[in-house]
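Here the structure is laid out as structure tokens; the discussion comes afterwards.
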Amino acid sequence: MTEVRTRFAPSPTGFMHLGGVRTALYAYLFAKKNGGKFILRIEDTDQERFVEGATEVIYDTLKGCGMDWDEGPDVGGDYGPYVQSERKHMYLPYAQELVEKGAAYYCFCTKEELDERRAAAEAKGEVFKYDKHCLNLSKEEIQEKLDAGTPYVIRLNCPTEGESAYDDEVFGHISFPNSDLDDMVLIKQDGMPTYNFANVIDDHLMGITHVLRGMEYLSSTPKYNLLYKAFGWEIPKYVHLTTVMRDAQHKLSKRDGDAYYSDFIEKGYLKEALINYLALVGWNPGDDREFFTMDELIDAFDVKRLNTSPGIFDVTKLTWMNAQYIAKMDFDAYLEMATPWFDKVLAGKGMDYKRLAELMQSRTEVFNRIPDMIRFLAEMPEFSDELYFHKKMKCDAQVAKENLQLVLPVMEGIEKWNEQNIHDIVMAAIQESGKKNGAVLWPLRIAISGQANTPGGAFEIAYLLGKDETIRRMKDSLAKLG
RNA sequence: GGCCCCGUGGUCAAGCGGCCUAAGACACCGCCCUUUCACGGCGGUAACCCGGGUUCGAGUCCCGGCGGGGUCACCA
């Protein structure tokens with residue numbers, strides 16, 4: 001059996017679309033699962049869209065996620081170059097070979113003529129298809145035009161009758177009427193190959209055995225196969241992947257600002273969580289497992305379990321999964337990642353970040369939500385007395401006032417301001433007063449945090465705030481209660 | 001519009017003719033734990049697009065309709 005070789009062939013646009021990351025992931029998983037090679041090829045033939053540093057974005061994303069390629073522009077390989085712009089000169093001879101074989105032909109129709117005819121067809125509500133006009137040119141006529149330097153393109157001569165069919169690894173048997181096939185351009189007027197042509201040549205030359213790509217290629221695949229057949233090359237296996245959607249009607253798009261890998265990383269999603277979640281949109285292991293390391297994914301991956309219906313990218317579920325990953329992170333790693341987010345609102349406050357991180361880790365869903373969660377530590381928020389009301393804690397503004405007056409002197413008397421002391425001393429005072437824990441602790445927490453939900457209880461918050469700030473806030477809140 | 005693909009709860013998704021009075025996860029709701037929230041535990045609401053077949057029996061097979069997506073470039 002020949003070695004399995006898959007490839008990921010992105011255009012360097014400067015951004016990695018999540019759909020692309022998933023395609024790369026599946027291609028990587030498939031290759032590794034089968035002990036094969038994963039190849040990276042940069043398709044940068046579109047010089048107009050060239051973006052500085054764009055290939056680095058691709059490298060960084062793939063590497064960051066743990067998808068190491070066996071062959072590629074930077075690591076080399078036996079089938080290079082792996083950058084399409086460096087392969088420019090390779091394609092024309094192949095197209096000429098096809099012309100000699102009668103599978104392709106020169107076409108001298110100008111773009112203007114074609115546009116006109118296309119417009120006319122559309123006006124009549126018809127689908128425009130090239131009419132093979134130049135196929136009928138005699139050898140002499142062709143040579144004459146060639147000699148005269150008339151601009152030309154090379155087109156594939158597609159059959160017009162019968163049907164083309166192939167078996168996709170995920171969609172199964174797919175057939176198309178040949179009458180729908182248009183004689184696609186292989187070589188453009190500038191001598192450069194079209195994307196589709198270059199793709200076939202490159203894939204063959206690089207020994208790609210399995211082509212994993214988006215399902216938008218489902219209907220152009222018959223033309224690809226025609227090329228392989230004309231050359232007498234072996235047709236690779238096709239694994240067409242469903243589209244990742246934003247909702248039932250729309251693909252994930254850059255316009256919505258949530259289509260790129262980097263968007264999520266910047267917000268504070270962990271790449272492991274992103275990869276894990278992405279793997280599950282359109283694929284499942286066949287059992288109830290949901291959490292996978294890259295190695296586990298490789299082990300579990302099976303093309304047979306790829307879905308045929310498109311999946312919606314559910315940020316809510318991704319967020320849940322991200323929170324799970326964060327909760328299981330190594331504490332020091334969490335502290336390091338969280339620190340810049342703590343700094344956004346607490347820089348220079350001398351806050352105990354370690355303790356804060358301990359309290360925050362199990363509550364962090366996405367890192368960018370941290371500032372809003374801890375802003376109250378930097379500045380006392382405005383709040384209404386109604387916050388003191390809590391039925392279960394048997395508390396309201398009046399009770400709050402009484403109980404705050406009770407604990408204020410107790411807290412002022414605490415010498416060593418650490419959590420244990422605050423806890424022990426305040427609890428003892430509550431015990432002595434005969435009051436309910438909740439009736440005292442609930443208003444205490446409100447009085448020093450100004451909000452109903454906080455990452456931690458009254459003692460933790462009081463400790464983080466420090467004695468001076470805690471007392472100051474208690475007095476202010478008490479004053480407000482009149 | 002032609003052609004192609006797809007159609008199980010709000011979302012992901014199991015199901016491959018009887019084990020389905022349809023799993024699991026997210027979300028949502030309730031309860032428990034708890035000085036709040038979160039975590040955790042327990043429970044609940046919620047689906048086979050519609051219509052015809054085939055069959056003793058259909059979510060599962062076939063046909064049609066409807067709905068959604070894709071594709072019809074000298075773009076990649």
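Basis for what follows: all heavy atoms, side chains included, without hydrogens, waters or symmetry-related copies. In what follows, chains carry the letters A, B, and so on, assigned in the order in which the sequence lines appear, proteins first and then strands, with residues in each chain numbered from 1.
For the OP1/OP2 pair of B/G70 and a distance below 4.0 Å, the side-chain nitrogens and oxygens of A/Arg213 include no atom meeting the criterion. In this model, the phosphate group of B/A14 is approached by a side-chain N or O of A/Asn284 to a distance below 4.0 Å at OP1 or OP2. The side chain of A/Arg369 places no N or O atom within less than 4.0 Å of a non-bridging phosphate oxygen (OP1 or OP2) of B/C37. Under 4.0 angstrom from either OP1 or OP2 of B/C39 there lies no side-chain N or O belonging to A/Arg363. Between A/Lys124 and the phosphate of B/G2, there is no side-chain N or O to OP1/OP2 separation shorter than 4.0 Å. OP1 or OP2 of B/A13 has at least one side-chain nitrogen or oxygen of A/Asn307 nearer than 4.0 Å. Within the 4.0 Å cut-off from OP1 or OP2 of B/C75, at least one side-chain nitrogen or oxygen of A/Lys188 is found.
Of the C1' atoms belonging to B/C28 and B/A46, the separation is 10 Å, rounded to the nearest Å. Spacing between B/G43 and B/A23 at atom P, rounded to whole Å, works out to 14 Å. Rounded to a whole angstrom, the distance from the P atom of B/C48 to that of B/A22 is 11 Å. One C1' atom belongs to B/C3, the other to B/G15, and the distance between them is 31 Å to the nearest Å.
Comparing B/G69, B/A76, B/C37 by their nearest atom to the side chain of A/Asn453 picks out B/C37. Taking the side chain of A/Trp320 as heavy atoms from C-beta on, and the options B/C74, B/C6, B/C26, the nearest nucleotide is B/C26. For A/Asp288, taking side-chain heavy atoms from C-beta onward, the closest of the listed nucleotides B/C5, B/G24, B/A76 is B/G24. The side chain of A/Tyr195 has B/A76 as its nearest neighbour among B/A76, B/A73, B/A38. Of the candidates B/A76, B/U71, B/C5, B/C5 carries the atom nearest the A/Phe171 side chain, counting heavy atoms from C-beta on. In this structure, the nucleotide among B/U35, B/C3, B/C74 sitting nearest to the side chain of A/Asp180 is B/C3. Taking every side-chain heavy atom of A/Glu216 into account, B/G70 is the closest of B/G70, B/C74, B/C5. Of the candidates B/C6, B/U71, B/U11, B/U11 carries the atom nearest the A/Asp314 side chain, counting heavy atoms from C-beta on. Which of B/C74, B/C3, B/G68 sits closest to the side chain of A/Gln249 comes down to B/G68. For A/Met245, the listed nucleotide lying nearest its side chain is B/G69; candidates were B/G69, B/C74, B/C6.
Here A/Cys109 lies in heavy-atom contact (under 4.0 Å) with a base. No engagement by A/Tyr277 is indicated, since no non-hydrogen atom pair under 4.0 Å with the nucleic acid exists. As judged by a 4.0 angstrom heavy-atom cut-off over every strand, A/Val185 is placed among residues touching the sugar-phosphate backbone only. Nucleic acid contact class of A/Phe313 (heavy atoms, under 4.0 Å, all strands): none. Within 4.0 Å (heavy atoms only), A/Ala248 reaches sugar-phosphate atoms of the nucleic acid but no base atom. Within 4.0 Å (heavy atoms only), A/Thr364 reaches no atom of the nucleic acid at all. Within 4.0 Å (heavy atoms only), A/Thr221 reaches no atom of the nucleic acid at all. Within 4.0 Å (heavy atoms only), A/Gln189 reaches at least one base atom of the nucleic acid. Heavy atoms of A/Thr454 sit under 4.0 angstrom from at least one base atom. Here A/Met393 lies in heavy-atom contact (under 4.0 Å) with sugar-phosphate atoms only.
Distance CG (A/Leu274) to C1' (B/C12): 15 Å, rounded to an integer number of Å. Whole-Å rounding puts the A/Ile154 CD1 to B/A73 P distance at 20 Å. Rounded to whole angstrom, the span from the OH atom of A/Tyr91 across to the P atom of B/A76 amounts to 11 Å. The CD1-P distance, from A/Ile312 to B/U8, rounds to 10 Å in whole Å. Taking atom CE of A/Met184 as the reference point, atom P of B/C72 lies 12 Å away to the nearest angstrom. One atom, CZ of A/Arg117, and another, P of B/A73, lie 13 Å apart when rounded to the nearest Å. To the nearest angstrom, C1' of B/C5 lies 8 Å from CZ of A/Phe176. Put simply, NE2 on A/His173 is 14 Å from C1' on B/C5, counting in whole angstrom units.
For A/Glu296, the CD atom counts as densely surrounded, since its 6.0 Å shell holds more than 12 non-hydrogen atoms of other residues, nucleotides or ligands. Atom NZ of A/Lys237 has 12 or fewer heavy atoms from other residues, nucleotides or ligands within 6.0 Å. More than 12 heavy atoms of other shown residues, nucleotides or ligands fall within 6.0 angstrom of atom NZ in A/Lys467. No more than 12 heavy atoms of other residues, nucleotides or ligands sit less than 6.0 Å from atom NZ of A/Lys394.
Using the Watson-Crick or G-U wobble rule with both distances under 3.5 Å, B/C48 pairs with nothing in any strand shown. Remark: B/U60 base-pairs with no nucleotide; criterion is Watson-Crick or G-U wobble with both hydrogen-bond distances under 3.5 Å. Checking B/C72 for Watson-Crick or G-U wobble geometry (two distances, each under 3.5 Å) identifies B/G1 as its partner. Pair assignment for B/A14: none, as no Watson-Crick or G-U wobble contacts are both less than 3.5 Å. In this structure, B/G43 forms a base pair with B/C29, meeting either the Watson-Crick or the G-U wobble geometry with both donor-acceptor distances under 3.5 Å. The partner of B/U54 is absent, by the rule that a Watson-Crick or G-U pair needs both atom distances under 3.5 Å. Pairing partner, B/A22: none, since no Watson-Crick or wobble contact has both distances short of 3.5 Å. Remark: B/G9 base-pairs with no nucleotide; criterion is Watson-Crick or G-U wobble with both hydrogen-bond distances under 3.5 Å.
Checked against the 6.0 Å centroid threshold, A/Phe291 and A/Tyr325 count as a close aromatic pair. Between A/Tyr26 and A/Phe301, the distance from one ring center to the other falls under 6.0 angstrom.
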Chi angles and distances behind the side-chain contact (heavy atoms from CB on, under 4.5 Å) call for A/Ile374, A/Leu356
CA-CA 9 Å; A/Ile374 60 174; A/Leu356 214 212; 4.1 Å; yes
How far apart are the C-alpha atoms of A/Phe171 and A/Tyr166, what are their side-chain angles, what is the distance that settles it, and do they pass the ring pair (Phe, Tyr, Trp, His ring centres under 6.0 Å) test?
CA-CA 10 Å; A/Phe171 289 96; A/Tyr166 65 98; 9.7 Å; no
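Residue-to-nucleotide proximity on RNA chain B shows that, of A/Gly456 and A/Lys317, the 5′-proximal contact is made by A/Lys317. In this structure, A/Leu280 and A/Gly457 both approach RNA chain B, and ranking their closest nucleotides by distance from the 5' end singles out A/Leu280.
A donor-acceptor contact shorter than 3.5 Å links the side chain of A/Tyr277 to the backbone of A/Asp314.
Not a single donor-acceptor contact under 3.5 angstrom links the side-chain atoms of A/Lys392 to the base of B/U35. For A/Arg445 against B/U36, a side-chain-to-base donor-acceptor contact under 3.5 Å is present.
A/Glu460 and A/Gly457 get closest at one heavy-atom pair: OE1-N, 3.0 Å.
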